[in-house]
Amino acid sequence: MTISTAIEIYQLSVHDYHQMIESGILAPGEHVELLEGQLIKMAPKGTAHSAAVSRVVDVLSNCLEKRALLRFQDPIQLNDYSEPEPDVAIVQPNPSYYEDHHPSPAEVFWLIEVSDTTLAYDCGPKALAYGRSGILEYWVLDINARKLHVYRSPDTNGYQSETILAEGLTIAPLSFPDREIRVGEFLRPA
């Protein structure tokens with residue numbers, strides 16, 4: 001005899017998530033993010049990860065010359081059930097610097113995650129969530145393999161296109177096709 005039971009999983013909304021923070025259920029500075037209704041514990045950031053994020057921000061600041069606003073490990077709101085904190089969000093300039101809301105997918109040029117221990121998560125569930133929400137372009141910088149995973153053409157199944165670039169290659173972001181970036185600029189010198 002086989003017994004089958006349906007298991008229901010409760011999805012947290014962004015509103016629920018904010019109430020948990022405001023009521024103290026989640027401590028200030030607790031390293032979690034909300035992705036597709038689930039609280040995900042974020043990996044601690046080591047020195048190699050932090051240095052790579054700083055390099056990315058420095059390279060993009062020089063390259064984009066204030067044509068975009070760079071947000072460094074700050075939330076974006078994908079929908080009512082996802083508020084992740086990408087390492088770098090390249091978003092449309094906003095006079096209030098998004099004081100009244102977190103950027104939405106329509107306000108995001110592209111997102112970058114720096115990966116040293118979380119490559120499967122960054123290229124799996126995160127890429128799926130970003131693609132489903134319509135983020136036009138998503139990059140994952142794999143600092144261990146010294147490669148850049150580039151996701152484009154979002155749809156309801158994630159992204160239709162993934163390209164992996166070695167450190168010697170260049171890329172131009174879709175939103176700024178006149179700005180070429182060499183992948184190696186994001187990495188520590190070999």
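We count residues from 1, following the sequence as given.
The shortest heavy-atom contact between Pro154 and Gln160 is O-NE2, 4.5 Å. For the pair Asp16 and Tyr10, the tightest heavy-atom approach, listed with the atom from each and the gap, is OD2-OH, 3.1 Å. In plain terms, the two heavy atoms of Ala120 and Pro125 that are nearest each other are O-CD, 3.7 Å. Here the closest non-hydrogen pair linking Ser115 and Val140 is CB-CG1, 3.9 Å. Looking at every heavy atom in both residues, Val183 comes nearest to Ala166 through CB-O, 3.6 Å. Among all heavy-atom pairs drawn from Glu185 and Arg55, the shortest one is O-CD, 3.9 Å.
Taking CD of Glu33 as the reference point, atom CD1 of Ile40 lies at 7.0 Å (rounded to 0.5 Å). Taking OG of Ser50 as the start and CD of Gln73 as the end, the distance is 6.5 Å to the nearest 0.5 Å. Atom NZ of Lys147 and atom CD1 of Ile164 lie 6.5 Å apart (nearest 0.5 Å). Note that CD of Glu180 and CG of Leu169 are 10.5 Å apart. Values are rounded to the nearest 0.5 Å. Distance OG1/Thr163 to CD1/Ile171: 7.5 Å, rounded to 0.5 Å. Of the inter-residue distances, the one linking His18 atom NE2 with Leu12 atom CG reads 11.5 Å to the nearest 0.5 angstrom.
Tracing side-chain contacts under 4.5 Å through hydrophobic residues (I, L, V, M, F, W, Y), one never reaches Phe176 starting from Tyr151; they form parts of separate clusters. Using a 4.5 Å cut-off between side-chain heavy atoms of Ile, Leu, Val, Met, Phe, Trp and Tyr, with links allowed through other members, Leu165 and Trp110 fall into the same hydrophobic cluster. With hydrophobic clusters built from ILVMFWY side chains whose heavy atoms lie under 4.5 angstrom apart, Leu64 shares a cluster with Val59. In the hydrophobic clustering of ILVMFWY residues, with side-chain heavy atoms under 4.5 Å counting as a link, Val108 and Val150 come out apart. If you chain together hydrophobic residues whose side chains sit under 4.5 Å apart, Tyr159 and Leu128 never meet in one group.
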Using the side chain to side chain contact (heavy atoms under 4.5 Å, CB included) rule, take Glu99 and Asn94 through it: C-alpha gap first, then chi angles, then the decisive distance, then the call.
CA-CA 9 Å; Glu99 188 172 349; Asn94 179 292; over 6 Å; no
Evaluate side-chain hydrogen bond (donor to acceptor under 3.5 Å, both in side chains) for Tyr81 paired with Gln11, printing each intermediate quantity in order.
CA-CA 7 Å; Tyr81 296 96; Gln11 283 192 309; 5.3 Å; no
Pair Val91, Phe109 - check side chain to side chain contact (heavy atoms under 4.5 Å, CB included), show working.
CA-CA 5 Å; Val91 300; Phe109 290 123; 5.5 Å; no
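Taking the six-membered ring for Trp and thresholds of 30 and 60 degrees, Tyr98 and His101 have ring planes more than 60 degrees apart, a perpendicular arrangement.
In this structure, Glu22 contributes its side chain and Gln19 its backbone to no donor-acceptor pair below 3.5 Å. When atom types are taken as modelled, the side chain of Ser82 and the backbone of Leu78 share no donor-acceptor pair closer than 3.5 angstrom. Of the possible donor and acceptor atoms, one in the side chain of Asn144 sits under 3.5 Å from a partner among the backbone N and O of Asp116. Using modelled atom types, one side-chain atom of Gln77 and one backbone atom of Asn79 make a donor-acceptor pair closer than 3.5 Å. One N or O on the side chain of Gln92 and one on the backbone of Ala106 form a donor-acceptor pair closer than 3.5 Å.
Side-chain atoms of Val88 and Val114, non-hydrogen and from C-beta on, never get closer than 4.5 Å to each other. Within the 4.5 Å cutoff, side-chain heavy atoms of Tyr17 are placed close to those of Leu26. Counting heavy atoms from C-beta outward, Leu39 and Leu34 have side chains that approach closer than 4.5 Å.
The existence of a salt bridge linking Arg182 and Glu167 is excluded, since no basic side-chain nitrogen approaches an acidic carboxylate oxygen closer than 4.0 Å. Between Arg71 and Glu107 there is no salt bridge, since no side-chain N of the basic residue sits under 4.0 Å from a carboxylate O of the acidic one.
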Return a table of donor-acceptor pairs under 3.5 angstrom between the side chains of residues 129-138 and protein atoms on other chains or two or more places apart.
residue	atom	partner	partner atom	Å
Tyr130	OH	Glu113	OE2	3.1
Arg132	NE	Thr156	O	3.3
Arg132	NH1	Glu36	OE2	3.3
Ser133	OG	Ala129	O	3.3
Ser133	OG	Tyr130	O	2.9
Glu137	OE1	Leu174	N	2.8
Glu137	OE2	Trp139	NE1	2.9
Glu137	OE2	Arg152	NE	2.7
Glu137	OE2	Arg152	NH2	2.6
Tyr138	OH	Asp122	O	2.7

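The side chain to side chain donor-acceptor pair (under 3.5 Å) test with His49 is passed by exactly one of Thr118, Thr117, Asp87: Asp87. Of the residues listed (Ile90, Asp74, Ile76), the one engaging Pro103 in a side chain to side chain contact (heavy atoms under 4.5 Å, CB included) is Ile76, and it is the only one.
Atom CZ of Arg188 has 12 or fewer neighbouring heavy atoms from other residues, nucleotides or ligands inside a 6.0 Å radius. Open room surrounds NE2 on His31; 12 or fewer heavy atoms of other groups in view lie less than 6.0 Å from it.
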